[in-house]
Q: 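A single structure is presented below for examination.
Computed from a predicted model, the values in this text were never measured in an experiment.
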Amino acid sequence: MAGEAEKWVLMVTAQTPTNIAVIKYWGKRDENLILPVNDSISVTLDPEHLCTTTTVAASPSFDSDRMWLNGKEISLSGDRYQNCLREIRARAGDVEDEGKGVKIAKKDWEKLHLHIASYNNFPTAAGLASSAAGLACLVFALAKLMNVKDDQSKLSAIARQGSGSACRSLYGGFVKWVMGKDDDGKDSLAVQLADEKHWDDLVIIIAVVSSSQKETSSTTGMRETVETSLLLKHRAKEVVPKRTLQMEEAIKNRDFASFAQLTCADSNQFHAVCLDTSPPIFYMNDTSHSIKLWNLALMKQLFSRIISIVEKWNRSEETPQVAYTFDAGPNAVMFARNRKAATLLLQRLLFYFPPSSAADLDSYILGDKSILKDAGVQGINDVEGLPPPPEIKGNIPLKKCKGDVSYFICTRPGRGPVLLSDKSQVLLNPETGLPK
Ligand SMILES: Nc1ncnc2c1ncn2[C@@H]1O[C@H](COP(=O)(O)OP(=O)(O)OP(=O)(O)O)[C@@H](O)[C@H]1O
Ligand SMILES: C[C@@](O)(CCOP(=O)(O)OP(=O)(O)O)CC(=O)O
């Protein structure tokens, strides 16, 4: 290894998006390799609004592999991190940095230790797919640092071993995780169905209900489902194979009516499967122990409200305007068919879920705030002046739920992982390799 005496630090910084599944992954056939019981399909979310940034560094001066997540040191000893590190190291290539006078031969990577710093610009472990963006970013950044020649699909099979849904974050746009058949998992990987420009009039609005960490992890939850739910067997064998093909068609043809119907149906079946688990999993209303009991009821009420608002509105139009999907946390994700529908959706959401009096609108609507302007909402007064949606005319409107939503994020389908060259985004000190 040339350049050892200088104690150089070589590093790479990458940014990777999260993704939201529209055909859900729930259940593994192999826990160690993370092989799923069915295919899944997701939409990659714009990293401008939700993303992970990770800096990875190698240096002969590092004594061990270390990682900092959101500024705090975390252990890398878990199997999932170790599997990813081992797989990437095994594929490392020769690296030369002429500027630094550094030459690393393929075999040297086994001896070099790594420092990793990562930052999620959204709540971690709250059901917003931090593990997906985080593990995808780790694998992507390490592959670049170590000059791994494998294509994105092969990298996705490594990220999959860190967290299943992470494999889908290796691509932008619309992504399918092909479950594969092989016992060694080599054919269980992500493929891109279409890039983010293919269907760029879709608008995604996320209602973040609680940023607290969830009680049942996805990993434990799906293990219990596999062990106890008969409905899951039916879903994996009969429902998802057909639904996946229909969803691929809907995406290919930008057919929002089919996309919406399939997305809502699959989210509802995922939660039905959770409920069919023994003991049942209540993802839509089960949050951290610190949440008081009355809040559990509130969560349940909130999600049934979102479903009710969307269903009522869709039924009043000739064709669906919005789809909803709920993952394993207290957040609701809604897809609007275009900007016009997103504007009308935001007006409805603000009508039913106005911010608490203390909150200002600027911190209540995050991401693409321009939709607020289109909705004619510039301040709290405009929110208070919003009329009830026309579809409830003649009926008693649902009660307003002030302060029930922490904030909304307006976003869109986004691009896949990229390398960052802007020095201000680097998370490790270039001299010491320690967090800045
Ligand atoms: N940026 C990151 N880099 C590496 N690992 C991360 C990163 N962010 C999160 N993780 C890992 O993922 C774990 C959280 O995963 P978990 O599945 O519990 O939540 P989530 O991914 O936010 O929610 P969900 O998968 O249900 O959408 C963290 O405890 C950490 O181990
Ligand atoms: C409900 C889901 O979000 C489940 C995500 O599960 P994870 O990928 O977090 O689980 P592990 O593979 O055990 O890490 C649905 C989905 O993203 O497809």
Q: Salt-bridge test for Glu227 and Arg223: reply yes if a basic N is under 4.0 Å from a carboxylate O, no otherwise.
A: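 No, Glu227 and Arg223 are not salt-bridged.
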Q: Answer yes or no: is there a side-chain heavy-atom contact under 4.5 Å between Leu232 and Asp276?
A: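 Answer no - side chains too far apart.
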Q: Which pair of heavy atoms, one from Ile205 and one from Ala342, lies closest together, and at what distance?
A: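 Answer, listing the atom of Ile205 first, then Ala342: CD1-O, 4.0 Å.
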Q: Indicate yes or no for a side-chain donor-acceptor contact from His115 to the backbone of Thr432 under 3.5 Å, with no hydrogens or angles considered.
A: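 Flag not set: sc His115 to bb Thr432 has no pair under 3.5 Å.
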Q: If you draw a 6.0 Å radius around NZ in Lys252, do more than 12 non-hydrogen atoms from other residues or ligands fall strictly inside?
A: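 Not more than 12 within 6.0 Å, no.
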Q: Rounded to the nearest 0.5 Å, how far does NZ of Lys436 lie from CG of Leu428?
A: 8.5 Å
Q: Counting only N and O atoms by type, is there a donor-acceptor contact under 3.5 Å from the side chain of Arg415 to the main-chain atoms of Pro47?
A: no
Q: Does the side chain of Ser218 come within less than 4.5 Å of Trp26's, by heavy atoms?
A: yes
Q: On a heavy-atom basis, which atom in Ala136 and which in Thr16 lie closest, and how many Å separate them?
A: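 Closest approach of Ala136 to Thr16, heavy atoms only: CB-CG2, 3.6 Å.
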Q: Validate the cation-pi geometry between Arg160 and Trp177: distance from NZ or CZ to the six-membered ring centre under 6.0 Å, angle to the ring axis within 45°.
A: no
Q: For Thr44 and Tyr171, indicate whether the former's side chain and the latter's backbone hold a donor-acceptor pair under 3.5 Å.
A: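 A pair under 3.5 Å: yes.
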Q: Look up atom OH in Tyr25 and atom CE in Met222, then write down how far apart they are to the nearest 0.5 Å.
A: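 Taking OH in Tyr25 and CE in Met222, the distance rounds to 4.0 Å.
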Q: NE2/His49 to CD1/Ile409 distance, rounded to the nearest 0.5 angstrom?
A: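 CD1 of Ile409 is found 9.5 Å from NE2 of His49.
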Q: Would you mind reporting whether Ile251 and His198 have side-chain heavy atoms less than 4.5 Å apart?
A: yes
Q: For the side chain of Gln82 and the backbone of Leu76, is there at least one donor-acceptor N/O pair under 3.5 Å apart?
A: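 Yes: the side chain of Gln82 pairs with the backbone of Leu76.
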Q: In the structure I gave you, are the side-chain heavy atoms of Lys24 and His271 within less than 4.5 Å of one another anywhere?
A: no
Q: Give the minimum heavy-atom separation between Asp255 and Ser258, together with the two atoms involved.
A: OD2-OG, 2.6 Å
Q: For the pair Thr219 and Arg80, evaluate side-chain hydrogen bond (donor to acceptor under 3.5 Å, both in side chains) and give the outcome as yes or no after the intermediate values.
A: CA-CA 12 Å; Thr219 310; Arg80 290 167 167 228; 3.3 Å; yes
Q: Can you give me the closest heavy-atom contact between Leu114 and Ala58, atom names plus distance?
A: CD2-CB, 4.1 Å
Q: Do side-chain atoms of Asn429 reach the backbone of Leu434 as a donor and acceptor pair under 3.5 angstrom?
A: no
Q: Does the pair Asp79 and Gln161 meet the rule for a side chain to side chain contact (heavy atoms under 4.5 Å, CB included), with working shown?
A: CA-CA 9 Å; Asp79 286 350; Gln161 297 174 55; over 6 Å; no
Q: Assess whether side chain to side chain contact (heavy atoms under 4.5 Å, CB included) is satisfied between Lys369 and Leu361, documenting all intermediate values.
A: CA-CA 10 Å; Lys369 292 173 195 275; Leu361 217 48; over 6 Å; no
Q: Quick one about Ser188 and Arg29 (side-chain donor to acceptor, distance below 3.5 Å, no hydrogens or angles considered), yes or no?
A: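 There is no such pair (donor and acceptor under 3.5 Å, judged by atom type) between the side chains of Arg29 and Ser188.
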Q: Using side-chain hydrogen bond (donor to acceptor under 3.5 Å, both in side chains), reason through Arg86 and Asn83 one step at a time and then give a plain yes or no.
A: CA-CA 5 Å; Arg86 189 195 58 243; Asn83 288 348; 3.0 Å; yes
Q: Flag the pair Arg89 / Leu112 as yes when at least one side-chain heavy-atom distance between them is below 4.5 Å, and no otherwise.
A: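 Arg89 vs Leu112: side chains apart.
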Q: Test side chain to side chain contact (heavy atoms under 4.5 Å, CB included) on Ser308 and Lys312 and set out the steps.
A: CA-CA 6 Å; Ser308 160; Lys312 269 205 190 88; 3.4 Å; yes
Q: Ring-plane angle category for Phe408 and Phe353, please: parallel below 30°, perpendicular beyond 60°, tilted otherwise.
A: tilted
Q: List the residues meeting side-chain contact (heavy atoms from CB on, under 4.5 Å) with Asn147, not counting sequence neighbours, and say none if there are none.
A: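 For Asn147, the residues satisfying side-chain contact (heavy atoms from CB on, under 4.5 Å) (neighbours in sequence not counted) are Val95, Lys149.
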Q: Going by salt bridge (charged side-chain N to carboxylate O under 4.0 Å, His left out), name the pairs with one or both residues in residues 32-43, residues two or more places apart or in two chains.
A: Asp39-Lys176
Q: Whether the side chain of Asp327 engages the backbone of Ile20 through a donor-acceptor N/O pair (distance < 3.5 Å, no angle test) should be reported.
A: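 Pair absent, no side-chain N/O of Asp327 close to backbone of Ile20.
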Q: Under 3.5 Å, is there a donor-acceptor pair between the side chain of Gln152 and the main chain of Leu170?
A: yes
Q: Rounded to the nearest 0.5 Å, how far does CG of Leu386 lie from CG of Leu350?
A: 6.5 Å
Q: Using a 4.5 Å cut-off on heavy atoms from C-beta on, say whether the side chain of Ser370 contacts that of Arg339.
A: yes
Q: Working to the nearest 0.5 Å, report the span between OH of Tyr119 and CD of Gln425.
A: 11.5 Å
Q: Which residue, Thr52, Thr54, Thr53, forms the side chain to side chain donor-acceptor pair (under 3.5 Å) with Asn120?
A: Thr52
Q: Could you point out which residue of Leu427, Leu142, Leu10 forms a side chain to side chain contact (heavy atoms under 4.5 Å, CB included) with Val56?
A: Leu142
Q: Considering all heavy atoms of both residues, which atom of Ala236 and which atom of Pro241 are nearest to each other, and what is their separation?
A: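 That closest heavy-atom pairing would be O-CD, 3.3 Å.
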Q: Could you walk me through whether Phe62 and Val9 satisfy the side chain to side chain contact (heavy atoms under 4.5 Å, CB included) test, starting with their C-alpha distance in whole Å, then the side-chain angles of each, then the deciding distance to 0.1 Å, before giving a yes or no?
A: CA-CA 9 Å; Phe62 297 165; Val9 178; 4.2 Å; yes
Q: Please say which of Phe174, Phe259, Phe256 ends up in a ring-ring contact (aromatic ring centres under 6.0 Å, His included) with Phe335.
A: Phe259
Q: How far apart are the closest heavy atoms of Ala166 and Ala159, and which atoms are they?
A: CB-O, 3.7 Å
Q: Would you indicate whether the side-chain heavy atoms of Asp65 and Tyr81 approach each other to under 4.5 Å?
A: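 A side-chain contact under 4.5 Å is absent here.
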Q: Any donor-acceptor pair under 3.5 Å linking the side chain of Ser156 with the backbone of Leu189?
A: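 No: the side chain of Ser156 does not pair with the backbone of Leu189.
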Q: Hey, what do you get for CG (Leu138) to CG (Leu85), rounding to the nearest 0.5 Å?
A: 6.0 Å
Q: Measure from the side-chain N and O atoms of Ser153 to the backbone N and O of Ala190, and report whether any donor-acceptor pair falls under 3.5 Å.
A: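 Present.
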Q: Would you call Gln269 and Val239 a side-chain contact if the rule is heavy atoms closer than 4.5 Å?
A: yes
Q: Check whether any side-chain N or O of Glu317 sits under 3.5 Å from a backbone N or O of Trp313 as a donor-acceptor pair, and report yes or no.
A: no
